[in-house]
2 protein chains.
Amino acid sequence: MKKKQTIKDIAHAAGVSIGTVDRVLHKRGKVSKKSMEIVTKVLNELDYKPNPIARTLKNNTIYSIKVLLPDPKKDHYWKRCMEGINEIIVEFGAFDFEIEIYCYDPSKPKSFSKIGEQLIQTENLDALLFVPLFEKESNTLLKKLNTRQILSGTFNSSLSNNLVDQHTGQDLYSSGRVAAKLIYDLIKPHSRIAIIHIDEAFNNAIHMKQKEQGFSSFFKEYSSFEIKTLTLNSNEFQSKFPDFVEQFNPIDAFFITTSKVYEVPEALKSQGTKSKMVGYDLLLRNVECLKKGEMDFLIHQNPKIQASLGLKGLIEKLIFEKEIPKKRLLPIDIVNSENVESYLI
Amino acid sequence: MKKKQTIKDIAHAAGVSIGTVDRVLHKRGKVSKKSMEIVTKVLNELDYKPNPIARTLKNNTIYSIKVLLPDPKKDHYWKRCMEGINEIIVEFGAFDFEIEIYCYDPSKPKSFSKIGEQLIQTENLDALLFVPLFEKESNTLLKKLNTRQILSGTFNSSLSNNLVDQHTGQDLYSSGRVAAKLIYDLIKPHSRIAIIHIDEAFNNAIHMKQKEQGFSSFFKEYSSFEIKTLTLNSNEFQSKFPDFVEQFNPIDAFFITTSKVYEVPEALKSQGTKSKMVGYDLLLRNVECLKKGEMDFLIHQNPKIQASLGLKGLIEKLIFEKEIPKKRLLPIDIVNSENVESYLI
DNA sequence: TAAAAAAGTGTTATCGTACACACAAACTGT
DNA sequence: ACAGTTTGTGTGTACGATAACACTTTTTTA
């Protein structure tokens, strides 16, 4: 039963003062070669780890973190992210933090830029966590964050470059392949498959493309399927979707690449046909469809965990100086009517 | 930008010393009615919460936690639990803890009782986390833990009573239903389904039973399926399984309730028939089968997360006095050949 | 060679909480 | 009325890490 080593123990073992040990630990210089050697030697031998508790106690600055995500009022998907953020705020409530959430309009790149611009003007901003729906605008923001030495984190969507300090998300290409495999198991050869992209306003373009590429890559190994793609935004759905269905009929399976899955069974009801269906995200309306048997699988993007892990990473980096991986990929959860409850807790 | 309230702030606002505030906070008496009133009033007004960080700093005791789980050498499934435990040990390495792992033979209840008995004899044991494979023996242990005021936690298997302080696991009944739904989607009506229980030595009896009940409950809604059950232990597999298959042939789908799924495709190879198959756990051999297309789905019990969350809960209870829920149910993950990698990181 | 600058080292206050201790004021009993 | 007890209150120190500060020793410069 050995007690944890403290800086005092190290100092004593090395025959120096705690001041010297501290200078070695923080590489603050002003240490002789001799002291340096003996302290590092003792440090390695005794496996010293500074007590994070004591460290944060002394360092009583108030860290400021801002979170910027799409408005949940415009798209319900983001509500769960908000919940994840709020959970972390509670969890770290005992620490001196000032965390504020801001929302932008997911259909307006300018709204993103504008709020982003305001946020980085904040005095003493320590970290910014955001959802980079718009590639160009996000990169502009990131560059400014980097020059100002502000810690950056993204989640949900990913950027192709390496500018961000930390990213939390899913591999969308694999996610498309998962959907493909699920559908493949449900249908017969020579079936007809429709890929439907329903977006607010063509912003998730990269997002949807990656899923489609994964999906297609899977079916390339099997030539006997006919696959067609329809891309439309939310408003066009009522007008364009029925036409598409009529022309491509009969459709054996649908792969919907966004969370607006619930639109499809609704629209198909008049048709009377029963198709296999795989889509994204556990929105209330999607879950209802799943339970009613109107769709087969949902792929869970785990927005809550993505957001909370992202924020947690930034916080721990700030207060514990914990190193965080540049990229963290979460599992791709397959959800059907029977395990959906287990994800909703 | 408001700083966190400290005990000093409260004392100042109430016009008393921090000692008095402290006595009010800890109900240690020796406080006049007048002081009591004004301090509680200020306390409520300013929404004071003591800093748990500073609190633990003072309390420099070394906590002792023991973990008792089935030997990974006897059953590979437990290897990942071990990994989860070790990750947490690293994560909390900076704190004063003494965590030790002990293993018992999953086929011998006596081995569990014996080591359990030894562990609770330990002086100053603060918490015990264990896998309660054996109901009777586990309850005996739990009662002793309770009388000795030792914090208790279980994971993976659950007990029907309420004696344990904290449990982390999955709902096995639902898990059986998930398997049922997966199989249902893959086969035609009037198919024949086999439920196979392969156990080391009939210890997971409750475990397997719960899964079977969930599975059956799903198919009760559809009368047109023929379901047969085979229960055997690992050693009997070679001899009894082929007979069973021959008698019940053709079998359209298999539901294997334990992690020994990999045995089945192997045994069926000589048969030449292709059946649907759903089983449990991401053992290396199971993953190989999944990738080769020899089985359709695996249900992931997430042993690593179960173990690590369980241990983390106990630790946080001890050092931060964080309240932990009596029961924590993890999601039931559905795994196919395309998302399996995302769970193996 | 003396003065100035730099390098190296130890001491100490601080963060917020907890608790022992000291001390004063208000009571008790003889 | 005075010693002894109880009650109430404030002060001081500890926990471990950190960094400012003070001090000594060495090196550089004029």
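Note that these values count all heavy atoms, side chains included, but never hydrogens, waters or copies made by symmetry. To find a chain, count down the sequence lines: A is the first, B the second, and so on, and within it residues start at 1.
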[X] near the nucleic acid: base, sugar-phosphate alone, or nothing, with a heavy-atom cut-off under 4.0 Å?
| X | value |
| --- | --- |
| A:Asn51 | sugar-phosphate |
| B:Thr56 | nothing |
| A:Ile53 | nothing |

Exercise. Enter the distance from B:Leu68:CG to B:Ser111:OG here, rounded to the nearest 0.5 Å.
Key: 8.0 Å
Quiz prompt | Euclidean distance, A:Phe97 CZ relative to A:Leu318 CG, rounded to 0.5 Å | solution =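 Here the rounded value is 5.5 Å.
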Just the rounded figure in Å: distance from [atom2] of [N] to [atom1] of [X].
| X | N | atom1 | atom2 | result |
| --- | --- | --- | --- | --- |
| B:Lys34 | C:dA25 | NZ | P | 14 Å |
| B:Lys30 | D:dT5 | NZ | C1' | 11 Å |
| B:His26 | D:dG8 | NE2 | P | 19 Å |
| A:Arg28 | D:dA20 | CZ | P | 7 Å |
| A:Asp22 | D:dA20 | CG | P | 11 Å |
| B:Lys58 | D:dC15 | NZ | C1' | 6 Å |
| B:Asp96 | D:dC15 | CG | P | 12 Å |
| B:Gln5 | C:dT17 | CD | P | 10 Å |

Counting side-chain heavy atoms from C-beta on, which of [options] comes nearest to [X]?
| X | options | answer |
| --- | --- | --- |
| A:Ile18 | C:dG8, C:dT11, C:dG16 | C:dT11 |
| B:Ser17 | C:dT9, D:dG10, D:dA17 | D:dG10 |
| B:Arg55 | D:dA17, C:dA18, C:dG16 | C:dA18 |
| B:Leu57 | C:dT17, C:dT9, D:dG16 | D:dG16 |

Please check the phosphate of [N] (OP1 and OP2 only) for any side-chain N or O of [X] closer than 4.0 Å.
| X | N | answer |
| --- | --- | --- |
| A:Tyr48 | D:dA17 | yes |
| A:Ser32 | C:dA7 | no |
| A:Ser35 | C:dT9 | yes |
| A:Arg23 | D:dA19 | no |

Quiz item: Under 3.5 Å, is there a donor-acceptor pair between the side chain of B:Asn146 and the main chain of B:Leu163?
Solution: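 Yes: the side chain of B:Asn146 pairs with the backbone of B:Leu163.
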Exercise. On DNA chain C, check which nucleotide each of A:Gly15 and B:Lys8 is closest to and give me the residue with the more 5' one.
Key: A:Gly15
Quiz item: Between B:Lys49 and A:Val16, which has a closest nucleotide on DNA chain C that is more 5'?
Solution: A:Val16
Quiz item: Judged by modelled atom types alone, do A:Thr61 and A:Asn59 share a side-chain donor-acceptor pair under 3.5 Å?
Solution: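 Yes, a side-chain donor-acceptor pair sits under 3.5 Å.
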Quiz item: Do you see a donor-acceptor pair shorter than 3.5 Å between the side chains of A:Asp126 and A:Ser64?
Solution: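 Absent: no donor and acceptor within the cut-off.
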Quiz item: Are B:Glu117 and B:Lys114 within salt-bridge range, i.e. N to O under 4.0 Å?
Solution: no
